[in-house]
Amino acid sequence: MTSRRGIALVVALVAALSACSPDREVTRPEPEPVTTQGLAAARLTADDLPDGFVAADAGVAVATELVPEHQCDDALTDLEPADQASTTFTRGSTTLSSTVAHFPGQGGAVDQLLRDVAEDCASVVATDTGVSIRTGALDFGVLSDDTLPIRVEVEPTAGVIEERDLILVRAGDLVHVVRLTGPRPSDKALLDSAVRTAIGRLGELHLRTT
């Protein structure tokens, strides 16, 4: 006579084999649409930044030039996202902006355009304003294939050199642009923390919408 324990063992074995069946259908939630609200939720907030940063009145559009003193980055004005959300924070003479945008089918093109701009602005002089502009790679903590860090130094004939850092984080056709502007040198620890947060939030949005 088969014991109750033996019957329970057989039932458990059958259930386990059924769970491992290659015919089992795996389902996942339908992708959410990319919305303005979703983009806004992926931005950095004051809680993500050190004490002293306060929200400004307006954000920075993703198509905003990095060096308006010279035409070398005029191509940035051609960027036309389907939607975007931006916010800006200031602390003393330092400004940090966080802009999340959606470029359906064009995410890779945005990355390439910024690489081209960095090359075109590598070393130029704006004669009208008398400033020298040097653009190159930005060395800080977070680096990956989907993170493009650019550093721009704007040096006047007299006075303080300004550093304008731009970090592009991309997940498919979603991009998060973090800009930090202020006297040289910029706060690399701040950038590292901010970009790590940006990567995480953009990744979560990408998972929900693809």
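Basis for what follows: all heavy atoms, side chains included, without hydrogens, waters or symmetry-related copies. Every value quoted in this text rests on a predicted model; they were computed, and no experiment measured them.
Closest approach of Val178 and Ala198 over heavy atoms only: CG2-CB, 4.3 Å. Of all heavy-atom pairs between Leu202 and Ala171, the closest is CD2-N, 3.7 Å. Contact record, Val117 with Ala75: CG2-CB, 4.3 Å, taken as the closest heavy-atom pair. Ala194 and Leu44 make their closest contact through O-CD2, 3.5 Å (heavy atoms, listed as atom of the first residue, atom of the second, distance). Contact record, Leu39 with Ala101: CD2-C, 4.3 Å, taken as the closest heavy-atom pair. Taking each heavy atom of Asp83 and Thr35 in turn, the nearest pair found is OD2-C, 3.9 Å.
Applying the side-chain contact (heavy atoms from CB on, under 4.5 Å) test between Glu162 and each of Val131, Thr181, Val152 identifies Thr181 as the sole match. Residue Arg164 forms a salt bridge (charged side-chain N to carboxylate O under 4.0 Å, His left out) with just one option from Glu69, Glu153, Glu155, and that option is Glu69.
With hydrogens and angles ignored, the 3.5 Å screen pairs a side-chain donor or acceptor of Thr197 with a backbone N or O of Ser193. For Arg170 (side chain) and Val175 (main-chain N/O), no donor-acceptor pair under 3.5 Å exists by modelled atom type. With hydrogens and angles disregarded, a donor-acceptor distance shorter than 3.5 Å links the side chain of Arg151 to the backbone of Ala137. Judged purely by atom type and a 3.5 angstrom limit, Asp146 has no side-chain atom pairing as donor or acceptor with the backbone of Val169. Without hydrogens or angle criteria, Asp173 side chain to Gly107 main chain gives a donor-acceptor distance under 3.5 Å. A donor-acceptor contact shorter than 3.5 Å links the side chain of Thr135 to the backbone of Cys121.
Rounded to the nearest 0.5 Å, atoms CZ (Arg43) and OG (Ser97) are 11.5 Å apart. Distance check, rounded to the nearest 0.5 Å: CG of Leu66 to CG of Asp74 gives 12.0 Å. The structure places CG of Leu190 at 5.5 Å from CG of Leu180, a figure rounded to the nearest 0.5 Å. The OG1 atom of Thr209 sits 6.5 Å away from atom NE2 of His102, with the distance rounded to the nearest 0.5 Å.
More than 12 heavy atoms of other shown residues, nucleotides or ligands fall within 6.0 angstrom of atom CD in Gln112. Within 6.0 Å of atom CG in Asp78, more than 12 heavy atoms from other residues, nucleotides or ligands are found, so the atom counts as buried in its surroundings. Within a 6.0 Å radius of CD in Glu32, other residues, nucleotides and ligands contribute more than 12 heavy atoms.
Two residues are said to be in side-chain contact when any heavy atoms from C-beta on lie closer than 4.5 Å; Leu96 and Thr94 fail this criterion. In this structure, Asp187 and Arg91 have side chains that are in contact, with non-hydrogen atoms separated by less than 4.5 Å. Side-chain contact check for Leu191 versus Ser186: some heavy-atom pair is nearer than 4.5 Å. By the 4.5 Å heavy-atom criterion applied to side chains, Leu138 and Ile150 are not counted as neighbours. Within the 4.5 Å cutoff, no side-chain heavy atoms of Gln84 are placed close to those of Leu79. Two residues are said to be in side-chain contact when any heavy atoms from C-beta on lie closer than 4.5 Å; Val60 and Arg179 meet this criterion. Counting only heavy atoms from C-beta outward, the side chains of Leu76 and Leu113 approach each other to under 4.5 Å. When side chains are defined from C-beta on, Phe140 counts as touching Val195, because their heavy atoms get closer than 4.5 Å.
In the hydrophobic clustering of ILVMFWY residues, with side-chain heavy atoms under 4.5 Å counting as a link, Ile199 and Leu205 come out together. Transitive grouping of hydrophobic side chains (ILVMFWY, heavy atoms separated by less than 4.5 Å) brings Val110 and Val67 into a common cluster. Neither Ile167 nor Leu114 shares a network with the other; the hydrophobic side chains, linked directly or stepwise wherever heavy atoms of I, L, V, M, F, W or Y lie under 4.5 Å apart, form separate groups for each.
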Hey, can you pull the donor-acceptor pairs under 3.5 Å for the side chains in residues 45-54, sequence neighbours left out?
| from | atom 1 | to | atom 2 | distance (Å) |
| --- | --- | --- | --- | --- |
| Thr45 | OG1 | Asp47 | N | 3.3 |
| Thr45 | OG1 | Asp48 | OD2 | 3.2 |
| Asp48 | OD1 | Arg201 | NH2 | 3.0 |
| Asp48 | OD2 | Thr45 | N | 2.8 |
| Asp48 | OD2 | Arg201 | NH1 | 2.7 |
| Asp48 | OD2 | Arg201 | NH2 | 3.3 |

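Salt bridge present: Lys188 and Glu163 bring a charged side-chain N and a carboxylate O closer than 4.0 Å.
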